[in-house]
Q: 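Quick one: the structure is below, questions incoming.
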Amino acid sequence: TPAALAALARLVADLGELAEGLPAAPGVVEASLRARLRLLGTSGLVGMALAGIDMALWDALARRLGVPLATLLGGEPRPVPAYASLRTMEPAAAAAEAEEALRAGFTAVKLKVGRAGLDADLAAIRAVRRAVGDSTRIMVDYNQSLSVPEALDRIRVLDGEGLYWIEEPTRADDPGGNARIAAAARTAIQLGENWSGTRDMAASLSANASDHATLDVMRLGGVSGWMRAAALAEAAAIPASSHAFIELSAQLLAVTPTGLWLEYLDHAGPLLLEPLRIRDGHAQPSRAPGAGLDWDEARVRHAQTSR
C-alpha cells in the first residue's frame, strides 16, 4: 500500500540500527529485536519490518556460504508447481489472461471474484473455464469480501463449478466463521495469506477453518517464521502454498514438507537481473547463492528517480 511504504522503510532503517553490532545470525537478531519491542508489540508494520530484516539476514548468510537459500535450509532448489494469479475480474479480460497463462505453460489459474453478486462470480468463472478447458485447475479468491452467511449461500452454488479451492471467503481474523464455511463446502477452502505470525496460523488450524494453507513469508515473520509455519502445516497434514515474494517462496517451498503451489504474480521481476522463470508450469528457483533476489541497481536507481 503506497501510503504505508515510507513508514515501513523508516522502520526497517530504525530497527536495523538496533541490530548493529549483533552477530549476523537470524535467530540472534530476531530474539534481540523482539525483546526490545516487547512493550510496543510486533504486529502490523513492525512485524513486516522485522520480517524484511530476517529475510535479508538469511539471504546474506546463504551468500556468505555460497549456496542457494534452499540448500542452506537443508534441501535443494527444485522446480515448484506454479499457478498464474490473474489480475482482472472482468470475464472477457480474465479469460484472455487465462489463455495467455496456458500459453506460458501454466496448468492452473486463480481468479479474483466478489466484486458484485453471485451472477458476476459465475460469469467470470465460466468465461475462464471456457477459455482453459476442463483439465486446467481454477481457484477463486474472495479476498475476505463476504459475510459468513453470504459465503455459505454462494458456496452452495460454487460447489458445482469444479473449482480447485475457494480462498478467503470471509474475514481472515474469524476462525470460527471460516470453520463454518469449510464444514459446509464440498470445495476446498484456502486461508493463510493474512495470518500474522504462527499464532494466527495455529488458531486457524485448531478451528479446522481451512483445507489448505497459504504462507506469506512477510506476514509470518520472514524465513524464520515461514519455517515455523511449515512445521505446523506438516503436523496438521495440510497442503501449504505461497503468497507473494515469488523468488523467496520458490526457495522455501522446496524445503516445505507439504509444499504444493507457488502463486505466480510477479512484482519484483522488472528490477531484477534474473527474474524467476516459469517452465512447463513450474517455477525454477535460482541456483545462485542467496534467496534469488539479485537487483539490477541501474533499474532500481531509475525507478527511484522517476517516481
Side-chain angles (χ1 to χ4, degrees), residues 26-27 30 34 42-43 47 50-51 54-55 58 69-70 73-75 78 80-83 85 108 110 137 139-144 146 148 151-152 155 158-159 163-246 248-263 283:
E30 180 186 35
R34 287 187 178 275
T42 56
S43 60
L50 290 173
D54 183 87
M55 288 184 239
W58 280 102
L69 177 61
L73 295 171
R78 59 173 176 79
V80 177
Y83 68 85
S85 191
K110 188 172 79 177
R137 294 183 174 95
M139 302 87 154
V140 298
D141 187 354
Y142 275 100
N143 283 123
Q144 310 179 71
L146 304 177
V148 174
L152 290 169
I155 282 170
L158 295 184
D159 273 340
L163 300 171
Y164 189 70
W165 74 51
I166 298 169
E167 188 167 342
E168 286 198 329
T170 195
R171 284 171 31 197
D173 62 354
D174 182 7
N178 280 295
R180 288 174 57 197
I181 295 167
R186 297 196 310 271
T187 306
I189 300 299
Q190 168 82 294
L191 299 180
E193 71 179 60
N194 283 294
W195 288 331
S196 183
T198 48
R199 290 190 178 184
D200 275 4
M201 180 179 180
S204 186
L205 294 178
S206 179
N208 294 316
S210 67
D211 305 287
H212 288 252
T214 298
L215 306 186
D216 183 300
V217 64
M218 176 186 70
R219 289 189 179 275
L220 287 169
V223 174
S224 300
W226 176 295
M227 297 305 291
R228 292 189 287 266
L232 287 179
E234 181 184 22
I238 190 168
S241 300
S242 69
H243 176 253
F245 299 93
I246 59 174
L248 275 149
S249 296
Q251 298 281 333
L252 293 168
L253 283 168
V255 294
T256 299
T258 61
L260 185 59
W261 290 98
L262 178 135
E263 178 180 20

Q: Could you state the interatomic distance from OG (Ser43) to CZ (Arg219), rounded to the nearest 0.5 Å?
A: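 It comes to 11.0 Å.
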Q: Name the one of Val148, Leu191, Leu152 that satisfies side-chain contact (heavy atoms from CB on, under 4.5 Å) with Pro169?
A: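 Looking at Val148, Leu191, Leu152, the match for Pro169 under the side-chain contact (heavy atoms from CB on, under 4.5 Å) is Leu191.
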Q: Applying side chain to side chain donor-acceptor pair (under 3.5 Å), name anything that partners Ser224, two or more places apart in sequence or on another chain.
A: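 Partners of Ser224 under the side chain to side chain donor-acceptor pair (under 3.5 Å) test: Asp54, Trp58.
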Q: Identify the two heavy atoms, one from Leu260 and one from Pro239, that lie closest to each other, and give their separation to 0.1 Å.
A: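 Shortest heavy-atom separation between Leu260 and Pro239 comes out as CD2-CB, 3.8 Å.
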Q: Under a 4.5 Å cut-off applied to non-hydrogen side-chain atoms, are Val255 and Met227 in contact?
A: yes
Q: Who are the side chain to side chain donor-acceptor pair (under 3.5 Å) partners of Asp211, not counting sequence neighbours?
A: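 Expected list: none.
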Q: Among all residues two or more places apart in sequence or in another chain, which pass the salt bridge (Lys or Arg N to Asp or Glu O under 4.0 Å) test with Arg78?
A: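 Arg78: no salt bridge (Lys or Arg N to Asp or Glu O under 4.0 Å) contacts found.
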Q: Rounded at 0.5 Å granularity, tell me how far OG1 in Thr187 sits from CG in Leu163.
A: 5.5 Å
Q: For a quick test of reading the model, state the closest non-hydrogen atom pair linking Ala254 to Ala70 and the distance between them.
A: CB-CB, 4.3 Å
Q: Hey, could you give me the CG/CG distance between Leu232 and Leu205, rounded to the nearest 0.5 Å?
A: 6.5 Å
Q: Tell me which one of Val80, Leu73, Leu262 satisfies side-chain contact (heavy atoms from CB on, under 4.5 Å) with Leu252.
A: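 The single option meeting the side-chain contact (heavy atoms from CB on, under 4.5 Å) with Leu252 is Leu73.
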Q: Applying side chain to side chain contact (heavy atoms under 4.5 Å, CB included), run through Leu215 and Met201 and close with a yes or a no.
A: CA-CA 9 Å; Leu215 306 186; Met201 180 179 180; 4.0 Å; yes
Q: Could you give me the CA-CA distance, side-chain angles and deciding distance for Trp226 and Thr256, then say whether side-chain hydrogen bond (donor to acceptor under 3.5 Å, both in side chains) is met?
A: CA-CA 9 Å; Trp226 176 295; Thr256 299; 2.9 Å; yes
Q: Atom OG in Ser85, atom CG in Asp141: separation rounded to 0.5 Å?
A: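 One gets 7.0 Å once the value is rounded to the nearest 0.5 Å.
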Q: Let me confirm one number: the CG-CG distance from Asn194 to Asp173, rounded to the nearest 0.5 Å.
A: 9.0 Å
Q: Nearest 0.5 Å please: distance from the CD atom of Glu193 over to the CG atom of Asn143.
A: 6.0 Å
Q: Report yes if the side chains of Trp195 and Ser204 come closer than 4.5 Å at any heavy-atom pair, otherwise no.
A: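 Yes. Closest side-chain heavy atoms under 4.5 Å.
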Q: Can you list the residues that meet the side chain to side chain donor-acceptor pair (under 3.5 Å) rule with Thr170, with sequence neighbours excluded?
A: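 Expected list: none.
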Q: Heavy atoms, side chains only, cut-off 4.5 Å: are Tyr83 and Met139 in contact?
A: yes
Q: Any idea which heavy atoms bring Ala207 and Pro175 closest together, and the distance?
A: CB-CB, 3.9 Å
Q: Of all heavy-atom pairs between Glu234 and Thr258, which one has the smallest distance, and what is that distance?
A: CA-CG2, 3.8 Å
Q: Identify whether the distance between the nearest side-chain nitrogen and carboxylate oxygen of Glu30 and Arg228 falls below 4.0 Å.
A: yes
Q: Pairing donors with acceptors under 3.5 angstrom, does anything connect the side chains of Arg34 and Thr42?
A: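 The answer is yes; a qualifying pair exists.
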Q: Evaluate the ring planes of Trp165 and His212, with Trp represented by its six-membered ring, and classify them as parallel (under 30°), tilted (30 to 60°) or perpendicular (over 60°).
A: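 Plane angle between 30° and 60°, so tilted.
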Q: Taking the side chain as every heavy atom from C-beta outward, state whether Met55 and Met218 have any atom pair closer than 4.5 Å.
A: yes
Q: Compare every heavy atom of Ala240 with every heavy atom of Ala233, then report the nearest pair and how far apart it is.
A: CB-CB, 4.2 Å
Q: Under 4.0 Å between a side-chain nitrogen and a carboxylate oxygen: does that hold for Lys110 and Glu263?
A: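 So Lys110 pairs with Glu263 through a salt bridge.
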Q: Who are the salt bridge (Lys or Arg N to Asp or Glu O under 4.0 Å) partners of Glu168, not counting sequence neighbours?
A: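 Salt bridge (Lys or Arg N to Asp or Glu O under 4.0 Å) list for Glu168, sorted by chain: empty.
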Q: Side chain to side chain contact (heavy atoms under 4.5 Å, CB included) for Asp216 and Ser242? Distances and angles first, verdict last.
A: CA-CA 6 Å; Asp216 183 300; Ser242 69; over 6 Å; no
Q: Verify the distance criterion only: is there a donor paired with an acceptor across the side chains of Thr214 and Gln190 at less than 3.5 Å?
A: yes
Q: Between Ala151 and Ile181, which heavy-atom pair has the shortest distance, and what is it?
A: CB-CD1, 3.5 Å
Q: Identify, with sequence neighbours excluded, every residue that meets side chain to side chain donor-acceptor pair (under 3.5 Å) alongside Asp200.
A: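 Side chain to side chain donor-acceptor pair (under 3.5 Å) check on Asp200 returns nothing, list empty.
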